[in-house]
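Counting convention: from 1, in listed order, for ligands and their atoms alike.
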Amino acid sequence: MKKKISYLFISMMLVLAVLVPSLSVFAEESTSESEDAVSGASQKEYTDPAELAESYDIVIVGAGGAGMAAAIAAHDGGANVAILEKMPIVGGNSSKSSAGMNASETKFQKEQGIEDSNDKFFEETLKGGKETNDQELLHFLVDHSADAIDWLDSMGITLNNITTTGGMSVQRTHRPEDGSAVGQYLVEGLYANVTERKIPTFVNADVKELLVDDNNAVTGVKVNIEGQEKEVSAKKVILTTGGFGANMDMVVENKPELEGFVTTNQEGSQGDGIKMAQAIGAATVDMDQIQIHPTVEQTTSFLISEAVRGEGAILVSQEGNRFFNEMETRDKVSAAIIDLPEKYAYIVGDSALKERAKQIKTYEEKGLVVEADSLEDLAKELDMPAENLTATLDAWNKSVEAGKDEEFGRETGMEEGLATGPFFAIKIAPGIHHTMGGLKINTNTEVLNEEGQPIANLYAAGELTGGIHGQNRIGGNAVADIIIFGRQAGTVASAAVAE
Ligand SMILES: Cc1cc2nc3c(=O)[nH]c(=O)nc-3n(C[C@H](O)[C@H](O)[C@H](O)COP(=O)(O)OP(=O)(O)OC[C@H]3O[C@@H](n4cnc5c(N)ncnc54)[C@H](O)[C@@H]3O)c2cc1C
């Protein structure tokens, strides 16, 4: 039986809160926690904590994209599965993902006449990662990407609108049909498939520890569920707890120069899975490789998606000038912004672009967008020399027409110029975004120890693993990572249970 936190329940709580003051604390806390975790998450049903069994074939720790993909694949592989999620809602950072999911040689690319190849996807990711990526994992990722798009499509999650992110030469970032952000759509679709399969999903279930036997083989987890500590046995445990981008102590410990940066991550991204696995001897890789994203609104830590630049936006300085190739990789664009005297910049676009990148509506609703009918008025609003801004857009539109950016060498996101008023700008600067390092795994998603040997019964997938992205993750590759390796973890672990 599912426990439904319904509107009726919330209304009853509010009435009771007036009558019984102590209850209002519960009502306020649960609302604000949910909102902090993932804004815009829709109402969902979760399993009653009383139904937590003493043992399962497979326990999955963390209900983001990797966890839900693993749960679906494990269930379809015949295993008895449960998901434990420490936040009050499912979704994790996956709910926040915006630009899309990279994949090559997909049916949607072919239908739209986009020429791409797995080799090109591999080479460009390797170049973006400064040739430090784990090449076996990367080959697995690109070679299974088209199939992952088909797998999602077969479950009603159709990513057929394709754009570009920095460091990629072709359109391979797949997003929902209407061009909106990928995260909410993906999480809604995955969770619908989880509930359809009746996979128990427990929220407020904070996993604290991995249980092991005398041979250090994993036998289950210790979980704190709604204030009670319980041990749950499992034949296999899959860790999908995400990265550590919201754990400032861990970030600064691994990369001291990031002290004081804002983070785009949800509060559940604390590195728990990495620490739990390290406690039983797991090896890590690239822990100091922490990505800062160039376009984060600083007062809200809200990410302004790379798809906005992919659809044609430019970056200008406070002086109203372009200063870098906006479609370079994130590390380079971030460095260029930090090199500006003011250490921030503006994303500038027009009203036609707003139609192509639907997430801009959300930014407007959040009050992050400055808009004006003309470029002169926009410059005035931004306290920027108007003659510079108009000259910058004139020059940019000529580059788009010529198909060549002489000044900075940009080659993608140049299909449309910026000439249709009203015009808009969003002030941005870099913020902590993605932790590329984490647990060392093989292509079977087995967690490896310092000797390179699998720790028995332990698997991991998603942002808590390391190596796939090397020293710089390409936008759109993390969603590919969580779906492809989440699915692989569920498939491999359920096959091992069946043996
Ligand atoms: C704002 C934003 C935009 C992004 N946009 C994109 C994009 O467009 N394309 C792209 O490829 N990537 C994008 N990324 C990166 C990508 O979204 C993440 O890397 C990816 O979603 C991580 O998925 P995951 O399943 O590994 O972790 P998550 O989705 O973070 O899920 C992990 C879950 O585990 C839970 N958990 C943690 N510890 C415990 C514990 N001890 N017990 C139980 N549960 C626990 C967490 O609460 C969380 O719900 C974006 C990231 C952010 C923050």
> Pairs in or reaching into residues 468-493: which pass ring pair (Phe, Tyr, Trp, His ring centres under 6.0 Å), with residues at least two apart or in two chains?
Replying inline: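 Non-adjacent pairs meeting ring pair (Phe, Tyr, Trp, His ring centres under 6.0 Å): Phe140-Phe485, His434-His469.
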
>> Test your reading of the model: is there a side-chain donor-acceptor pair from Ser98 to the backbone of Ala181, 3.5 Å cut-off?
In response: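 The answer is no, because no donor-acceptor pair under 3.5 Å joins these two groups.
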
> Between Tyr46 and Tyr191, what is the ring plane arrangement, given parallel below 30°, perpendicular above 60°, and tilted in between?
Replying inline: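 Ring orientation, 0 to 90° scale: tilted.
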
> Does Phe121 reach the side chain of Ser145, with side-chain heavy atoms less than 4.5 Å apart?
Replying inline: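 Side-chain contact under 4.5 Å: yes.
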
> Would you say Gln488 and His144 make side-chain contact, with heavy atoms under 4.5 Å?
Replying inline: no

> Can you name the residues that come within less than 4.0 Å of ligand 1, going by heavy atoms only?
Replying inline: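 Under the 4.0 Å cut-off, ligand 1 touches Val61, Gly62, Ala63, Gly64, Gly65, Ala66, Leu84, Glu85, Lys86, Met87, Gly91, Gly92, Asn93, Ser94, Lys96, Ser97, Ser98, Ala99, Gly100, Ala205, Asp206, Val207, Thr240, Thr241, Gly242, Thr264, Asn265, Gln266, Gly268, Asp272, Met276, Leu303, His433, His434, Gly462, Glu463, Arg473, Gly476, Asn477, Ala478, Val479, Ile482.
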
> Are Arg172 and Asp116 close enough for a salt bridge, meaning some N to O gap below 4.0 Å?
Replying inline: yes

